[in-house]
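Contents: one structure, followed by commentary.
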Amino acid sequence: MTGRARAPRSAALLALFCVGASTALSGCGSEDPDAGTNGVGKLSAAKIERKAKAAAKGAEAVRVSGKVVSKGRTYRLKMRLKGSGGVGEVSAEGGTTFQLLRTGRDLYLKAGTDFWAQQEGGKEPSKSDVAAAGKLKGKYVKVPEQDPAYKQLSVFTDMETLLEGLLAMEGKRETGERGTVDDTRTIRVTAGKGSGGTVDVSLEGKPYPLRLRRAGDAGTVRLSDWNDGFPLHAPKKDETVDYGKKISSGQHGS
């Protein structure tokens with residue numbers, strides 16, 4: 001009678017063990033790894049990538065954070081983007097940090113005195129240069145569209161253009177390992193055995209790309225807060241300077 005009483009408890013303990021270990025072991029049954037997912041894990045690497053790009057293209061907003069190497073320069077991004085513009089912070093190599101804000105076609109840049117006092121060729125700024133730059137500290141400087149800096153800086157605030165560049169990979173696509181990004185289950189797509197870039201795609205909800213490692217070790221970027229709206233409006237007039245009218249073209253940083 002005692003033996004008969006123990007059997008159900010033993011079976012229950014075994015079942016409990018299998019449930020707890022199912023994510024690490026495969027010896028407790030044939031659980032479907034795609035159960036409860038969006039199903040993209042069953043697709044080919046190329047199809048997963050296409051679905052991730054389509055999800056990103058159809059999104060209304062995203063947060064971009066991480067390191068990007070472009071044309072030999074390294075930038076750290078902390079940006080929130082949507083179709084009408086973006087806002088956030090960019091840190092360039094050498095310790096230069098500035099804030100960007102774009103609404104529609106109007107692009108604004110805010111930075112410290114050191115940024116505005118920079119001179120071409122790394123020359124030492126004069127006292128008058130530093131004094132002029134000090135007047136811009138804490139101000140949003142409107143960047144004219146005809147200035148070369150406009151095209152270079154606006155890329156960081158352009159959701160479509162930035163994502164298109166970040167999501168580009170080179171080489172044969174293959175399905176990589178499964179993992180998690182911020183507790184969200186993911187599946188990885190690699191290009192060129194990983195040297196051409198990788199993207200971790202969400203297995204939950206829409207198959208958004210959540211983490212990117214760019215080809216050629218050109219930085220790793222996290223993409224989050226997909227479709228989370230945020231306020232975006234031009235700065236107040238008393239916080240804004242139009243450098244096309246108030247500052248000579250040789251005095252702004254680049």
Side-chain angles (χ1 to χ4, degrees), residues 61-163 165-166 214 218-225 228 230-254:
V62 67
R63 185 189 296 271
V64 180
S65 58
K67 183 177 74 172
V68 173
V69 180
S70 177
K71 297 181 180 179
R73 301 195 67 184
T74 300
Y75 302 91
R76 290 194 175 276
L77 309 181
K78 295 180 181 179
M79 299 295 301
R80 296 199 72 178
L81 308 173
K82 57 184 179 180
S84 59
V87 61
E89 181 180 276
V90 178
S91 298
E93 55 190 339
T96 302
T97 298
F98 50 91
Q99 295 178 42
L100 292 174
L101 168 63
R102 183 177 64 83
T103 59
R105 299 196 65 83
D106 294 334
L107 176 66
Y108 302 88
L109 186 154
K110 183 164 73 170
T113 301
D114 291 346
F115 178 90
W116 293 112
Q118 291 180 79
Q119 299 296 302
E120 293 184 7
K123 297 179 181 178
E124 189 71 21
S126 65
K127 289 185 178 179
S128 60
D129 291 331
V130 175
K135 296 179 181 180
L136 299 177
K137 183 178 180 181
K139 297 285 188 179
Y140 283 97
V141 176
K142 187 175 183 180
V143 184
E145 289 189 51
Q146 64 271 24
D147 192 290
Y150 182 94
K151 183 176 181 180
Q152 297 171 359
L153 296 172
S154 62
V155 170
F156 295 123
T157 67
D158 188 322
M159 180 175 171
E160 182 177 357
T161 301
L162 187 60
L163 288 179
L166 291 175
R214 304 184 69 213
T220 300
V221 177
R222 296 283 292 275
L223 303 174
S224 60
D225 297 342
D228 284 0
F230 61 94
L232 187 63
H233 50 77
K236 297 178 181 178
K237 288 186 178 181
D238 60 357
E239 298 176 334
T240 307
V241 174
D242 187 336
Y243 87 49
K245 300 177 181 177
K246 305 236 178 132
I247 307 174
S248 64
S249 59
Q251 282 187 305
H252 67 273
S254 60

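- Atoms CD and CZ, from Gln152 and Arg73 in turn, are 8.5 Å apart once rounded to the nearest 0.5 Å.
- Between the Arg102 side chain and the Thr157 main chain, a donor and an acceptor come within less than 3.5 Å of each other.
- The nearest pair of heavy atoms linking Leu81 to Gly86 is CD2-CA, 4.0 Å.
- Taking 4.5 Å as the limit, some side-chain heavy atom of Val90 sits within range of a side-chain heavy atom of Met79.
- Between the side chains of Arg76 and Ser91, no donor-acceptor pair is found at a separation under 3.5 Å.
- Scanning both residues, Ala234 and Thr103, for their nearest heavy atoms gives N-CG2, 3.8 Å.
- Between Ala61 and Phe230, the closest heavy-atom pair is CB-CE2, 4.2 Å.
- Rounded to the nearest 0.5 angstrom, Thr96 OG1 and Tyr75 OH are separated by 10.0 Å.
- In this structure, the separation between OG1 on Thr97 and CD on Glu89 is 5.5 Å, given to the nearest 0.5 Å.
- The closest donor-acceptor contact from the side chain of Thr240 to the backbone of Lys236 lies under 3.5 Å.
- Residues Val64 and Leu166 meet the side-chain proximity criterion, which asks for heavy atoms closer than 4.5 Å.
- Put simply, the side chain of Val143 does not reach to within 4.5 Å of the side chain of Tyr108, judged on heavy atoms.
- Atom OG of residue Ser65 and atom NZ of residue Lys78 lie 8.5 Å apart, to the nearest 0.5 angstrom.
- Using a 4.5 Å heavy-atom cutoff, the side chains of Leu101 and Asp106 are not in contact.
- Nearest heavy-atom pair across Gly165 and Arg214 is O-NH2, 4.1 Å.
- Within 6.0 Å of the NZ atom in Lys82, the count of heavy atoms belonging to other residues, nucleotides or ligands exceeds 12.
- Ser84 has its side chain within reach of Leu232: a pair of non-hydrogen atoms, C-beta onward, lies under 4.5 Å apart.
- Taking a 6.0 Å sphere around CD of Glu239, one finds it holds more than 12 heavy atoms contributed by other residues, nucleotides or ligands.
- For the pair Lys110 (side chain) and Leu100 (backbone), a donor-acceptor distance under 3.5 Å is absent.
- Contact annotation: the side chain of Leu107 never approaches that of Lys142 to less than 4.5 Å [non-hydrogen atoms, C-beta and beyond].
- Between Tyr150 and Arg105, the shortest heavy-atom distance links the atoms OH-O, 2.6 Å.
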Criterion side-chain contact (heavy atoms from CB on, under 4.5 Å) on Leu77 and Phe156, from CA distance to verdict: CA-CA 8 Å; Leu77 309 181; Phe156 295 123; 3.7 Å; yes

Asp158 vs Glu160, side-chain contact (heavy atoms from CB on, under 4.5 Å): CA-CA, chis, key distance, verdict: CA-CA 6 Å; Asp158 188 322; Glu160 182 177 357; 3.8 Å; yes

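- Ion pairing between a basic and an acidic side chain is recognised when a charged N comes within 4.0 Å of a carboxylate O; Asp228 and Arg63 show no such pairing.
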